[in-house]
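Since the structure comes first, as structure tokens, the remarks are kept for the end.
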Amino acid sequence: MKKIEAIIKPFKLDEVKNALTKIGVQGMTITEVKGFGRQRGHTEVYRGAEYKIDFLPKVKIELITPDEMVPQVIENLERAAKTGKIGDGKIFLSPIEEVIRIRTGERGKEAI
């Protein structure tokens, strides 16, 4: 099993969610986050004063998937989140040792 974490632009969330549910992803956790990478934020003007916004709003998606689904999940996630512009985000992949469903006690793939 693997944990996939993706940081994406907020307006791409529905497109990514739909792409992942179409291929059988049954659950995910979404968190609103702020951050920056190479983009380094941007400047805005408010009432004539210019100021820098260092941390841009992003959405973090977390999901656990069986090893055999990882390439398909990443491909669909990448395709749905991509705009081709700076700040599209990142995908992180981590191994998961065990998953336990609290309600039933199921373990492993059955608990996903």
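Everything numeric here is computed off the predicted structure, so don't read it as measured data. Note: hydrogens, waters and symmetry copies are ignored here, and every other heavy atom, side chains too, is used.
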Legend entry - Distance in Å, K90 NZ paired with K58 NZ, rounded so as to fall on 0.5 Å steps: 9.0 Å
Legend entry - Value rounded to 0.5 Å, distance of CD1 in I64 from CD1 in I112: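 So the CD1 of I64 and the CD1 of I112 are separated by 7.0 Å.
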Inset, instruction - Considering only Ile, Leu, Val, Met, Phe, Trp and Tyr, and joining two whenever side-chain heavy atoms are under 4.5 Å apart, list the other residues clustered with I30. - result: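 Joined to I30, directly or through intermediates: I4, I8, L13, V16, L20, I23, V25, M28, V59, I61, L63, M69, V70, V73, I74, L77, I91, L93.
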Legend entry - T31 side-chain N/O to V33 backbone N/O, donor-acceptor pair under 3.5 Å: no
Inset, instruction - Verify, without hydrogens or angle tests, whether D88 (side chain) and K82 (backbone) share a donor-acceptor contact under 3.5 angstrom. - result: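 Not at all, since once roles are kept as given, no pair shorter than 3.5 Å links the two residues.
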Residues that [X] engages under side chain to side chain donor-acceptor pair (under 3.5 Å), provided they are two or more places apart:
{"X": "S94", "answer": "none"}
{"X": "R101", "answer": "E106"}
{"X": "K60", "answer": "E5"}

Legend entry - Exceeds 12 heavy-atom contacts within 6.0 angstrom, atom CD of Q26: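 Not buried by this count: 12 neighbours or fewer within 6.0 Å.
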Inset, instruction - Return yes when atom CD1 of I100 has more than 12 non-hydrogen atoms of other residues, nucleotides or ligands closer than 6.0 Å, and no otherwise. - result: yes
Legend entry - For E68, all residues meeting salt bridge (Lys or Arg N to Asp or Glu O under 4.0 Å), sequence neighbours excluded: K109
Inset, instruction - State which residues pass salt bridge (Lys or Arg N to Asp or Glu O under 4.0 Å) with K3; sequence neighbours excluded, sorted by chain then number. - result: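 K3: salt bridge (Lys or Arg N to Asp or Glu O under 4.0 Å) contacts with E62.
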Legend entry - Salt-bridge present (E75, R79; N to O < 4.0 Å):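 R79 and E75: salt-bridged.
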Legend entry - Worked check of side-chain contact (heavy atoms from CB on, under 4.5 Å) between I7 and F92: CA-CA 9 Å; I7 309 294; F92 305 98; 4.0 Å; yes
Inset, instruction - Check whether any side-chain heavy atom of R107 lies under 4.5 Å from a side-chain heavy atom of V99, and answer yes or no. - result: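 No; the side chains remain at least 4.5 Å from each other.
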Legend entry - Student check: side-chain heavy atoms of T65 and M1 closer than 4.5 Å: no
